[in-house]
J.: 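I am attaching a structure below and will ask some questions about it afterwards.
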Amino acid sequence: MTDSKRRTLLKGSLAAGSVGVAVGAGLLRPGQALADWNAAAFQARDVPTALTKLLGSETAEMSARIKIKVPDIAENGAVVPVTVETDLPGVTSISIIAVDNPIPLVASFELAESAMPFVSTRIKMAKTSDVIAVVRAGDRLYKNAQNVKVTVGGC
Amino acid sequence: MSEMKIRAKLSGDETTVKCLMSHPMENGQRKDSKTGDLIAAHFIQEVICKTKDRIVLTASWNGGVSKNPYLSFKFKGGAVGDPVEIIWTDNQGKTERATALIS
């Protein structure tokens, strides 16, 4: 590396924060700020890896008892409202996956006993794809899917 | 300055919490339209939701959650006047917390 290049790199590091630049360059994993954050799952590029790293298994039983409320058509992929609700008993976690996103796993929620099996948030979607909700209930995994047509991708 | 907005409302025996956070949620894959440089990843990684110091829900996120994130959840056992506290931590180690009372 030439001196001038190194200087540019240094400047960039100072401007954006060295961690951020290292992350952007793929040198560092952005799990450092938080030890508990499951970097392997939240940086996985495919659904089976994400599920295995997050929940210990990539297979889940389809269940119509999981209701996923999403728009049929999302004009703006940067803001897609997703609500997941189920009447399955003993729910301890709910995870939301946008299948065709570069990084499919978007969010995972750990529910204490007092929490109702309900979460609602807004996610980014790169393109038309299924949104999968995976629910852990009584040590078993269940899932359901709902397709969202994305007009303008927002990743 | 805390930019977080929380509303917690009791209906029957269920408290519904709605929260809006202020955060860029950069996924680290977007490029600056002028310079072409990658914009550094900057997103909330963890959100802890508590009532009366007991955790109700913990969320783990990445940059796939929309900018200025919205989160809603429900829990049982709340009473009018109880505090609901939400704390987030992002990948750059920044943290923010806010509390609202159940109405």
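Letters go in sequence order (proteins before strands), and every chain restarts at 1. The analysis underlying the following values was restricted to heavy atoms, covering all of them including side chains, and did not include hydrogens, waters or symmetry mates.
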J.: Where does A:Glu113 contact chain B at under 4.5 Å (heavy atoms): side chain, backbone, both or neither?
T.: neither
J.: More than 12 heavy atoms of other residues, nucleotides or ligands under 6.0 Å from CG of A:Asp72: yes or no?
T.: no
J.: Would you say A:Asp139 has more than 12 foreign heavy atoms packed within less than 6.0 Å of its CG?
T.: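 For A:Asp139, atom CG is not crowded (no more than 12 foreign heavy atoms under 6.0 Å).
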J.: Please identify, among A:Gly154, A:Ser108, A:Ala107, A:Ala126, the residue contributing the most non-hydrogen atom pairs under 4.5 Å to chain B.
T.: A:Ser108
J.: Less than 4.5 Å to any heavy atom of chain A: does that hold for the side chain of B:Lys67, its backbone, both, or neither?
T.: backbone
J.: Sub-4.5 Å heavy-atom contacts with chain A: which residues of residues 50-57 of chain B show up?
T.: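 Result: B:Ile55, B:Val56, B:Leu57.
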J.: Heavy-atom cut-off 4.5 Å, strictly under: side chain, backbone, both or neither for A:Val80 against chain B?
T.: backbone
J.: Can you measure from CD1 (A:Ile103) to CD (B:Gln29) and round to the nearest 0.5 angstrom?
T.: 4.5 Å
J.: Tell me whether A:Met116 is reachable from B:Ile6 by hopping between hydrophobic residues (I, L, V, M, F, W, Y) whose side-chain heavy atoms are closer than 4.5 Å.
T.: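 Not linked; separate clusters.
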J.: Check the hydrophobic clustering (I, L, V, M, F, W, Y; side-chain heavy atoms under 4.5 Å; chains of links allowed) and say if A:Val99 and A:Leu105 are grouped together.
T.: yes
J.: Does the side chain of A:Trp37 reach to within under 4.5 Å of the side chain of B:Thr89, using non-hydrogen atoms?
T.: no
J.: Does the pair A:Val79 and B:Tyr70 meet the rule for a side chain to side chain contact (heavy atoms under 4.5 Å, CB included), with working shown?
T.: CA-CA 10 Å; A:Val79 187; B:Tyr70 169 79; over 6 Å; no
J.: In terms of hydrophobic clusters joined by side-chain contacts under 4.5 Å, are B:Ile48 and B:Val17 together?
T.: no
J.: Can you measure from CG (B:Asn62) to NZ (A:Lys124) and round to the nearest 0.5 angstrom?
T.: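 These two atoms lie 8.5 Å from each other.
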J.: With rounding to the nearest 0.5 Å, note down the distance linking NZ in B:Lys74 to CG in A:Leu111.
T.: 12.5 Å
J.: Counting only heavy atoms not in A:Glu75, do more than 12 fall under 6.0 Å of its CD?
T.: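 Atom CD in A:Glu75 is not packed in, count stays at 12 or less.
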J.: Checking heavy atoms, do the side chain of B:Ile44, its backbone, both or neither come under 4.5 Å from chain A?
T.: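 Neither part, no heavy atoms under 4.5 Å.
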J.: Is there a continuous path of hydrophobic side-chain contacts, each under 4.5 Å between heavy atoms, that joins B:Phe75 to B:Val80?
T.: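 As far as the 4.5 Å side-chain criterion goes, B:Val80 and B:Phe75 are connected within one cluster.
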J.: Does the B:Trp61 side chain pair with the main chain of A:Phe42, one donor and one acceptor, at a distance under 3.5 Å?
T.: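 Checking the backbone N and O of A:Phe42 against the side chain of B:Trp61, no donor-acceptor pair under 3.5 Å is found.
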J.: Would you say that A:Arg122 contacts B:Pro69 through its side chain, given a criterion of any heavy-atom pair below 4.5 Å between the two side chains?
T.: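 No - every pair of side-chain heavy atoms lies 4.5 Å or more apart.
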J.: Using a cut-off of under 4.5 Å on heavy-atom pairs, state which of B:Gly78, B:Ala59, B:Cys19, B:Ser60 scores highest against chain A.
T.: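 It is B:Ser60.
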J.: Which pair of heavy atoms, one from A:Phe118 and one from B:Ser72, lies closest together, and at what distance?
T.: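 Minimum heavy-atom contact is CE2-OG, 3.6 Å.
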J.: Could I get the full list of salt bridge (Lys or Arg N to Asp or Glu O under 4.0 Å) partners for B:Arg7, not counting sequence neighbours?
T.: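 Not a single residue meets the salt bridge (Lys or Arg N to Asp or Glu O under 4.0 Å) criterion with B:Arg7.
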J.: If hydrophobic clusters are built from ILVMFWY residues whose side chains come within less than 4.5 Å, do B:Ile86 and B:Leu10 share one?
T.: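 Cluster IDs for B:Ile86 and B:Leu10 match.
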J.: Under the rule for salt bridge (Lys or Arg N to Asp or Glu O under 4.0 Å), what residues qualify as partners of A:Lys69, not counting sequence neighbours?
T.: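 Expected list: none.
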J.: Which heavy atom of B:Ser66 sits nearest a heavy atom of A:Ala78, and at what distance?
T.: OG-O, 2.7 Å
J.: Does anything in residues 77-97 of chain B pair up under ring pair (Phe, Tyr, Trp, His ring centres under 6.0 Å), and if so which pairs, sequence neighbours excluded?
T.: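 Sorted result for residues 77-97 of chain B: B:His23-B:Trp88.
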J.: Working to the nearest 0.5 Å, report the span between CZ of B:Phe73 and OG of A:Ser120.
T.: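 Between B:Phe73 CZ and A:Ser120 OG, I get 12.0 Å after rounding to 0.5 Å.
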